[in-house]
Amino acid sequence: MALSEEKIFEIQERLKGLSPEEQQKKLNEILRELSPEELQDITQQNCLFCEISNKKIDAKTVYEDGIVMAVLDINPANKGHILIFPKKHHQFLFQVSDTETEHLFKIINKLSLAIINGLNAEGNNIFIANGQIAGQNSPHIVIHLIPRFKDDKIDFKWIPKKINEEEMLSIANLIRVNLDTAKQVKVNKQKSLDYDEEERVA
Ligand SMILES: [Zn+2]
């Protein structure tokens, strides 16, 4: 583990005598000072999905191999709602290696067909949230596979925004020139992508 006992002691010392509000502020400051490895260590501890893959927490497993695991969601959007995740701890899908991603989607396709054939689903949604703002509520990337049935009252609709031609061209260009850096997140962006510890669901 990258976060040493001395470092933990130092953090505790810096929080001594502060009010809960001041402690929260100080902790946010300290978190910003930590290295990516130290942050990874902190988030990996008590990670529900790492604990499921390490068999420390029971789950209704529907598929497992050396790379991925798929379990039933205990708070499903519909019956047969499956959570699929890489066993290795990654916060975002873009951090997962190409080989793991390829395998992950191969398994998602198999499960997608299994819920159609096995549960008589008429279709399914594959939902991925990268970042808290997108609805990510776990420090471990998870892919939701949701079987769909007629009149199941699940709604993924949004109101389309108006974007003019000039803006469209500029947006397309910004995306194209950033394709080579797709596996790295700029440090300032990483912060806003982080999930909120308090909103994490068990
Ligand atoms: Zn994890």
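Start at 1 and go down the list; that is how both ligands and their atoms are numbered.
Take the N/O/S atoms of His89: the one nearest the Zn ion (ligand 1) is ND1. For the Zn ion (ligand 1), the nearest N, O or S atom contributed by His140 is named ND1.
Each salt bridge (charged side-chain N to carboxylate O under 4.0 Å, His left out) pair with one or both residues in residues 84-96, not counting sequence neighbours, appears once here: Glu64-Lys87.
Shown here are the salt bridge (Lys or Arg N to Asp or Glu O under 4.0 Å) partners of Lys56, two or more places apart in sequence or in another chain: there are none.
At least one N, O or S atom of Cys50, from either the backbone or the side chain, sits less than 2.8 Å from the Zn ion (ligand 1).
Between Glu10 and Arg14 there is a salt bridge, with a side-chain nitrogen of the basic residue lying less than 4.0 Å from a carboxylate oxygen of the acidic one.
Using modelled atom types, one finds a donor on one side chain and an acceptor on the other under 3.5 Å when comparing Asp65 with His103.
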